Visitor: 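What follows is a structure written as structure tokens; I'll ask about it next.
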Amino acid sequence: MNSKSKLPLSLEFFPPKTPEGAEKLAAVRRALYAVRPQFCSVTYGAGGSTQEGTWATVQAIRADGVEGVPHFSCLGTTRAVARTTLQQFKDAGVKRIVALRGDLPSGYGAYGEFRYASELVEFIRTETGDHFHIEVAAYPETHPQAKSPQADLLAFAIKAKAGASSAITQYFYNTDAYFRFVDDAHALGVDIDIVPGIMPITNSSQLIRFSEACGAEIPRWIRRRLEAFGDDRASIQSFGLDVVTDLVDQLRTAGVPGLHFYAMNQSAPVLEICRRLGLA
Ligand code: FAD
């Protein structure tokens, strides 16, 4: 836990694809441990694309003496496979997982035996009782496939009540959307912590592409400023640090239960934001 503010911080990585990537990530992790993360989670590709890499990275984090948390996406999998995976996690001493539906890579048509993350959460509770702290995903700006914002909120409430312990949001740059979502979830009787996910801004074309795919809105003024910088990476990074530091400051001041950084396997942006806010 962070010593100065006591605000729990967590970090998210993706599994590297090459031995060089794994070495680079090891150095990034060592630098980021300066922020004393409560845990570090590792993404998991539904449909088998990164599953071994996820587990190898979780084990490397655990070997560093930090809580390594696997993401587990249920789309395209069976109950038997999920049972075996949960047993593997349990046997290794994993106590926390991020339970997701996931997105299948293009070309995968089969849904498998789970349709929604809420079914996975229910399955985990039935199979393993209270063993795992189950994190789930939340979407303050609405999941892109949801029928409506209200339907998405209700689906989130169902997922929480199926046995989730806490939630991490998709990233956002509109704090109002987050606060509204938290209030609406509470009004539906959801009493778990909803921790904001924070995406540092380092590369405008990548951010715009990601945001279109995951339904996160980049406010017009941010997008226009990023577009105006063109290829000027230094200005994008400097502007991005200012914007995201302000965002985190507002969230912290409002008393959020924690902060989850999408570190994108880079240390500098998260370290600088935390340094500016006295979180590191
Ligand atoms: P769900 O909660 O199942 O929701 C999916 C959609 O179904 C939503 O539109 C929801 O409104 C709808 N829905 C849910 N339940 C019902 C119901 N009962 N009836 C009707 N509609 C319903 N993806 C990966 O592949 N790997 C990762 O490691 C990964 N990590 C992530 C971490 C975080 C913190 C976040 C926020 C997202 C992550 N994602 C990851 C992306 C996520 O998998 C996608 O957004 C995916 O499309 C939805 O997953 P979910 O668990 O939120 O699904």
Side-chain angles (χ1 to χ4, degrees), residues 9-16 39-55 57-58 68-77 82 85 89 96-106 108 111-124 133-172 177-178 181-182 184-185 188 190 192-199 210-217 256-265:
L9 305 182
S10 52
L11 305 169
E12 181 171 316
F13 302 116
F14 57 84
F39 65 87
C40 294
S41 75
V42 185
T43 62
Y44 181 98
S49 55
T50 64
Q51 294 168 8
E52 282 171 19
T54 301
W55 186 232
T57 309
V58 165
V69 173
H71 291 208
F72 183 40
S73 316
C74 62
L75 210 57
T77 198
T85 306
F89 292 159
R96 184 190 300 251
I97 50 182
V98 182
L100 301 146
R101 186 198 71 172
D103 291 312
L104 280 181
S106 55
Y108 273 82
Y111 262 77
E113 292 178 10
F114 298 93
R115 266 193 104 72
Y116 301 116
S118 55
E119 294 173 1
L120 177 63
V121 172
E122 201 179 339
F123 179 78
I124 296 170
H133 179 112
I134 306 176
E135 304 274 359
V136 292
Y139 301 87
E141 294 177 326
T142 307
H143 184 264
Q145 292 157 10
K147 282 198 191 107
S148 67
Q150 187 61 14
D152 203 31
L153 183 70
L154 288 174
F156 175 70
I158 289 170
K159 183 162 64 174
K161 289 175 187 173
S165 314
S166 48
I168 300 169
T169 75
Q170 184 57 276
Y171 66 87
F172 56 86
Y178 167 79
F181 181 85
V182 171
D184 288 350
L188 288 176
V190 174
I192 59 173
D193 282 346
I194 302 174
V195 173
I198 308 295
M199 177 69 89
F210 267 20
S211 304
E212 275 163 7
C214 71
E217 191 200 8
V256 294
L259 295 165
H260 181 79
F261 284 94
Y262 295 104
M264 302 300 289
N265 292 12

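Excluded from the calculations below are hydrogen atoms, water molecules and symmetry mates; all remaining heavy atoms, backbone and side chain alike, are included. All values reported here derive from a predicted model rather than from experimental measurement. Read the numbers this way: they start at 1 and go in the same order the structure lists the ligands and their atoms.
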Visitor: Would you say His143 and ligand 1 have an N/O pair spaced under 3.5 Å apart?
Guide: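 Yes; the residue has a nitrogen or oxygen that sits under 3.5 Å from a nitrogen or oxygen of the ligand.
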
Visitor: Report the C-alpha separation of His260 and Ser10 in whole Å, then their side-chain angles, then the decisive distance to 0.1 Å, and conclude whether the side-chain hydrogen bond (donor to acceptor under 3.5 Å, both in side chains) test is met.
Guide: CA-CA 5 Å; His260 181 79; Ser10 52; 2.7 Å; yes

Visitor: Heavy atoms only, cut-off 4.0 Å: how does Glu135 contact ligand 1, side chain, backbone, both, or neither?
Guide: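 Within the 4.0 Å criterion, Glu135 makes no contact with ligand 1.
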
Visitor: Give the atom numbers and elements of ligand 1 that come within less than 4.0 Å of a heavy atom of Gly102.
Guide: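 Near Gly102, the atoms of ligand 1 are 25 (O), 43 (O), 46 (C), 47 (O), 49 (O).
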
Visitor: Can you classify the ring geometry of Phe72 versus Phe89 as parallel (below 30°), tilted (30 to 60°) or perpendicular (above 60°)?
Guide: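 Rings of Phe72 and Phe89: perpendicular, as their planes differ by over 60°.
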
Visitor: Which atom pair, heavy atoms only, marks the closest approach of Ala82 to Thr77?
Guide: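 Distance-wise, the nearest heavy atoms are N-OG1, 4.4 Å.
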
Visitor: Is the closest heavy-atom distance from Tyr139 to ligand 1 below 4.0 Å?
Guide: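 Per 4.0 Å heavy-atom rule, Tyr139 contacts ligand 1.
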
Visitor: Show which atoms of ligand 1 fall inside a sub-4.0 Å distance from at least one heavy-atom site of Ala146.
Guide: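 Near Ala146, the atoms of ligand 1 are 9 (O), 11 (O).
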
Visitor: Taking only heavy atoms of His71 into account, list the atoms of ligand 1 that are under 4.0 Å away from them.
Guide: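 Matching atoms, with element in brackets: 27 (C), 28 (O), 29 (C), 30 (N), 31 (C), 32 (C).
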
Visitor: Applying side-chain hydrogen bond (donor to acceptor under 3.5 Å, both in side chains), which residue pairs with at least one partner in residues 157-171 are found, sequence neighbours left out?
Guide: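 Of all non-adjacent pairs touching residues 157-171, those that pass side-chain hydrogen bond (donor to acceptor under 3.5 Å, both in side chains) are Arg125-Ser165, His133-Ser166, Glu135-Ser166, Tyr171-Ser211.
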
Visitor: Between Asp103, Leu153, Val42, Leu154, flag the one that comes closest to atom 47 (O) of ligand 1 by a heavy atom.
Guide: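 Among Asp103, Leu153, Val42, Leu154, the closest heavy atom to atom 47 (O) of ligand 1 comes from Asp103.
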
Visitor: Under 4.0 Å from a heavy atom of Ser73: give me the atoms of ligand 1 that qualify, with their elements.
Guide: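 Counting from 1, the qualifying ligand atoms are 24 (C), 25 (O), 26 (N).
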
Visitor: Can you sort out which atoms of ligand 1 are near Ala155, meaning under 4.0 Å from one of its heavy atoms?
Guide: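 Those of ligand 1 that fall under 4.0 Å from Ala155 are 11 (O), 13 (N), 14 (C), 15 (N), 16 (C), 22 (C).
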
Visitor: Between Ser73 (side chain) and Tyr44 (backbone), is there a donor-acceptor pair under 3.5 Å?
Guide: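 Between the backbone of Tyr44 and the side chain of Ser73 there is a qualifying donor-acceptor contact (under 3.5 Å).
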
Visitor: State, to 0.1 Å, how close Gly163 and Ile134 come at their nearest heavy-atom pair, and which atoms those are.
Guide: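 Distance-wise, the nearest heavy atoms are O-CD1, 4.0 Å.
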
Visitor: Would you say the side chain of Phe181 lies within less than 4.5 Å of the side chain of Thr142, judging by non-hydrogen atoms?
Guide: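 Answer no - side chains too far apart.
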
Visitor: Could you check which of Thr142, Asp152, Leu100 puts a non-hydrogen atom nearest to atom 39 (N) of ligand 1?
Guide: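 That would be Leu100.
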
Visitor: Does Tyr262 have a non-hydrogen atom less than 4.0 Å from ligand 1?
Guide: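 Contact check Tyr262 vs ligand 1: positive.
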
Visitor: Are any of the N/O atoms on Arg115, whether in the backbone or the side chain, positioned under 3.5 angstrom from an N/O atom of ligand 1?
Guide: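 Min N/O separation from ligand 1 is not below 3.5 Å for Arg115.
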
Visitor: Do the side chain of Tyr178 and the main chain of Ile194 share a donor and acceptor less than 3.5 angstrom apart?
Guide: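 Yes.
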
Visitor: Based purely on interatomic distance, does Tyr44 place a nitrogen or oxygen under 3.5 Å from a nitrogen or oxygen of ligand 1?
Guide: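 Yes, Tyr44 has an N/O under 3.5 Å of an N/O on ligand 1.
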
Visitor: Using modelled atom types only, decide if a donor and an acceptor are shared between the side chain of Ser41 and the backbone of Glu12 within a distance under 3.5 Å.
Guide: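 Side chain of Ser41 to backbone of Glu12, a donor-acceptor pair under 3.5 Å: no, none is there.
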
Visitor: Which of the atoms in ligand 1, numbered in the order shown and given with their element, are less than 4.0 Å from a heavy-atom of Gln170?
Guide: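 Matching atoms, with element in brackets: 36 (C).
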
Visitor: Residues two or more places apart in sequence or in another chain: which of them pass salt bridge (Lys or Arg N to Asp or Glu O under 4.0 Å) with Glu212?
Guide: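 Once residues adjacent in sequence are excluded, the partners of Glu212 under the salt bridge (Lys or Arg N to Asp or Glu O under 4.0 Å) criterion are Arg223.
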
Visitor: Check ligand 1 against Ala137 and write out every atom of the ligand that is under 4.0 Å from a heavy-atom position of the residue.
Guide: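 Answer for ligand 1: 35 (C), 36 (C), 52 (O).
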
